[in-house]
There are 2 protein chains.
Amino acid sequence: MARRAGVSRATVSHVLNGRGRIPEETRQRVLAAASELQYTPSPAGRALVRGRSDVLVIVIPHTTFGRNLQDLVDDITAQADTHDLSVVVRFAGPDPEETLAAVQHFRPVAVVDFGVLGAADRDSLEASGAVVIPKLRPDDTLENNANFTIGELMVQELLRKGPRRLVFGALLDERSDPFGPARYEGMKHWAQAHGLPIPRRMEIPLHLAGARAALQAEFADEPIGVACYNDAVALAVLAAGRDLGLSVPGHLSVMGVDATAEGQLVSPRLTTLKADNGPVMARIAADLTSLDGRTGAHPGTPERTRPFTVIRGETT
Amino acid sequence: MARRAGVSRATVSHVLNGRGRIPEETRQRVLAAASELQYTPSPAGRALVRGRSDVLVIVIPHTTFGRNLQDLVDDITAQADTHDLSVVVRFAGPDPEETLAAVQHFRPVAVVDFGVLGAADRDSLEASGAVVIPKLRPDDTLENNANFTIGELMVQELLRKGPRRLVFGALLDERSDPFGPARYEGMKHWAQAHGLPIPRRMEIPLHLAGARAALQAEFADEPIGVACYNDAVALAVLAAGRDLGLSVPGHLSVMGVDATAEGQLVSPRLTTLKADNGPVMARIAADLTSLDGRTGAHPGTPERTRPFTVIRGETT
DNA sequence: TAGAACTGTTGACACGTGATATCAAACACA
DNA sequence: TGTGTTTGATATCACGTGTCAACAGTTCTA
């Protein structure tokens, strides 16, 4: 308690929160005493009286935590520090209910969701006063979903050297798969719109034997193009194709997502899709700043463009 | 407030914390009312009166967050849920001071550190009443450090096919490198003990051009063995060697750490080191349970064995 | 000059919990 | 019956903060 600054408790609170009218002279005196005593307001006290903590929870899906997500988390952390929020990262567990409870436990002022929360979860959180980010926009339909677009783009790249049968290579491991379905939908949508047969879906484990078995079951002498969930799956498919003696991209063309360093370091170099985090961060940053003003107005509905870049390697 | 269970506020507290003597009948009545009203004690209230929150902070170094760390985090989260702790993951930022402040901000009951905290940070946290895990043991010397052992093991594997000049391949990216130095020390220690010249150190960026330049500067016709910081670096070195026309493992033998799926899916298959998380988790779990009893006694100083497995591929 | 308006500061309360001392009732014993 | 003991439940306080009404001092207005 820095009340020994020759001033009362309430005044300190006013200074630190900028509420009442305070002359510059006392303001400085309070700030000096505060920094001298290393005074920090107790989060517990604030949370108790305000009914809400100053915590921002980032909910990460129970999936592979790659470079992309990590960069996003770093950016959000830096951004949130600006707003005097303390960032908490929560990895979703296998039990969604428990995850929601863990998030609620913090009574957070905001929650950044990367695809964990269902509609009911969002409602529950917002009912308790938290802001769920990214905010839902009227045009957040499946067709506008970034992962849907990814599916469409991959198909086009795979068909670059002429028609071939398309397959989606899903990731098979113990974790969940929050993004795969939308990408597969994007593939199917594009194929259907262009009169192509609906692409099949195969599950690829991340080891040679399993991937080989999956690919062997799917391949039938005609060329196929495999759009993979990510670069790791693509590498597994390539390893399987190599083991089966298939030519790339003759019999087998493969494409990944993420543009990982590994994919660009192997031979043949992987064709992959690189997503620019810029727009996502811009949208989150906008929602974050609108948190201060407490204004519900959307800041001009920021750009909806999804700048994806095809990194063309030697596998398509 | 579930005080409308026909009973007073204090009684509820007694029931939920198991303090006073309470007859089974009222106990059940309170519990029934609590679950009916979905009553959950306010974390803020508890934290305020107890001076400490029920938070366990996991501090992750500002480095590549790979599969290993993710598994550990998942395990710790599950373990901590058992002890009624809420887990918070904090990614260390570029500024260590800010990271410490962010951790202190939670006034956590425990902190699990993966190599971020310095001695002063530990002291500061423990002074504020937090338990820092893993607890320091008397025999936690550099030579007993797991990363030190990794360095020693890699050297032995690289020399399997006869003597060659050794190099450490450090990771060069914008993040920090918490584990690399200890591994390099392990290498140097083993080499010195066996009368070999001190291994040099080169920094490898995760793209072909940079890796190629680094390797070209280091290679001088005699065979070399590169012990890499992790599998990604090893793949970069392999790509560089391929581009320079070096034979593997004739001119260039390479070894990684982590046993990532990617490393086992490429050709040539990577020789790498797989670390079993079991002992680390056992130690953390022991420290975690000793948290309940508040006993400072070490539970028998658990096994110090470091079960590392060499996954021998085609690069050594 | 009396009253009104404004400025700067403060006392008091509420938030929800854990701990402690207290209190009423029932019971044992002389 | 009177006294001490045990049992079960509660009133009260403290934790550290934000907010609000109130207050003393000063300046403005009629």
Side-chain angles (χ1 to χ4, degrees), chain A residues 1-35 37-55 83-86 104-109 128-130 291-292 294, chain B residues 1-35 37-55 83-86 101 104-109 128-130 292 294:
Chain A
M1 278 202 253
R3 271 94 227 184
R4 302 294 124 244
V7 87
S8 89
R9 223 166 44 79
T11 308
V12 173
S13 175
H14 285 161
V15 168
L16 295 186
N17 297 292
R19 302 304 280 199
R21 304 292 308 164
I22 313 113
E24 191 60 21
E25 193 266 334
T26 41
R27 214 181 88 87
Q28 288 304 334
R29 187 152 42 96
V30 170
L31 290 181
S35 84
L37 302 193
Q38 306 223 40
Y39 170 76
T40 320
S42 145
R46 301 172 77 103
L48 185 55
V49 70
R50 305 197 53 177
R52 209 174 326 292
S53 71
D54 57 352
V55 159
H83 297 264
D84 284 318
L85 300 177
S86 35
Q104 288 279 31
H105 184 267
F106 289 103
R107 295 195 190 352
V109 68
S128 78
L291 210 74
D292 286 340
R294 276 289 185 245
Chain B
M1 278 200 253
R3 272 93 225 185
R4 302 296 124 241
V7 86
S8 87
R9 221 167 42 81
T11 308
V12 174
S13 174
H14 285 161
V15 168
L16 296 186
N17 296 292
R19 303 303 281 198
R21 303 291 308 160
I22 315 113
E24 191 60 21
E25 193 266 333
T26 42
R27 212 182 87 88
Q28 289 302 335
R29 187 153 40 96
V30 171
L31 290 181
S35 84
L37 301 195
Q38 306 224 42
Y39 169 77
T40 320
S42 146
R46 299 171 79 101
L48 185 56
V49 70
R50 304 197 53 176
R52 209 173 326 291
S53 71
D54 57 351
V55 159
H83 296 265
D84 283 320
L85 300 178
S86 34
Q104 289 278 31
H105 185 267
F106 289 105
R107 292 190 185 16
V109 67
S128 79
D292 286 341
R294 277 288 185 248

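Note that the coordinates shown come from a computational prediction; the quantities given were computed from them, not determined experimentally. Here is the naming used below: chain letters follow the sequence lines, and residue numbers restart at 1 for every chain.
- One can place CG of L16(A) at 12 Å from P of dT19(D), the figure rounded to the nearest angstrom.
- Judged by atom type and distance alone, R9(A) reaches the base of dG18(D) through a side-chain donor-acceptor pair under 3.5 Å.
- Between R46(B) and the phosphate of dG18(C), there is a side-chain N or O to OP1/OP2 separation shorter than 4.0 Å.
- Side-chain contact between R107(A) and S128(A) is absent, with no heavy-atom pair separated by less than 4.5 Å.
- Side-chain proximity of A10(A) to the nucleotides dG18(C), dT10(D), dT10(C) is greatest for dT10(C).
- Between the CZ atom in R46(A) and the CG atom in L48(B) there is a gap of 13.5 Å [rounded to 0.5 Å].
- Residues that satisfy the salt bridge (Lys or Arg N to Asp or Glu O under 4.0 Å) test with R50(A), not counting sequence neighbours, are absent from this structure.
- Crowding of Q38(B) atom CD: a count of heavy atoms from other residues, nucleotides or ligands under 6.0 Å not exceeding 12.
- Remark: P of dA9(D) and CZ of R27(B) are 13 Å apart, rounded to the nearest angstrom.
- Rounded to whole angstrom, the span from the CZ atom of R107(B) across to the C1' atom of dC15(D) amounts to 12 Å.
- Rounding to whole angstrom units, CG of residue D54(B) and P of dC15(D) are separated by 21 Å.
- Atoms OH (Y39(A)) and P (dG16(D)) sit 10 Å apart, rounded to a whole Å.
- Counting non-hydrogen atoms under 4.0 angstrom, S42(B) reaches the backbone sugars and phosphates but no base.
- Nearest nucleotide to the H14(A) side chain, out of dA14(D), dG16(D), dT19(D): dT19(D).
- Applying the 4.0 Å criterion to OP1 and OP2 of dA19(C), one finds that S13(B) has every side-chain N and O outside that range.
- One atom, CD1 of I22(A), and another, C1' of dT10(C), lie 13 Å apart when rounded to the nearest Å.
- One atom, CD of E24(A), and another, P of dT9(C), lie 12 Å apart when rounded to the nearest Å.
- Rounded to whole Å, atom C1' of dC15(D) lies 13 Å from atom CZ of R52(B).
- At dA9(D), one or more side-chain N or O atoms of T26(B) fall inside 4.0 Å of OP1 or OP2 (strictly under the cut-off).
- Proximity note for V49(B) (side chain, C-beta onward) versus dA14(D), dT9(C), dT17(D): the nearest is dA14(D).
- For the pair T11(A) and G45(A), nearest-nucleotide mapping onto DNA chain C gives the more 5' position to T11(A).
- One N or O on the side chain of S53(B) and one on the backbone of F106(B) form a donor-acceptor pair closer than 3.5 Å.
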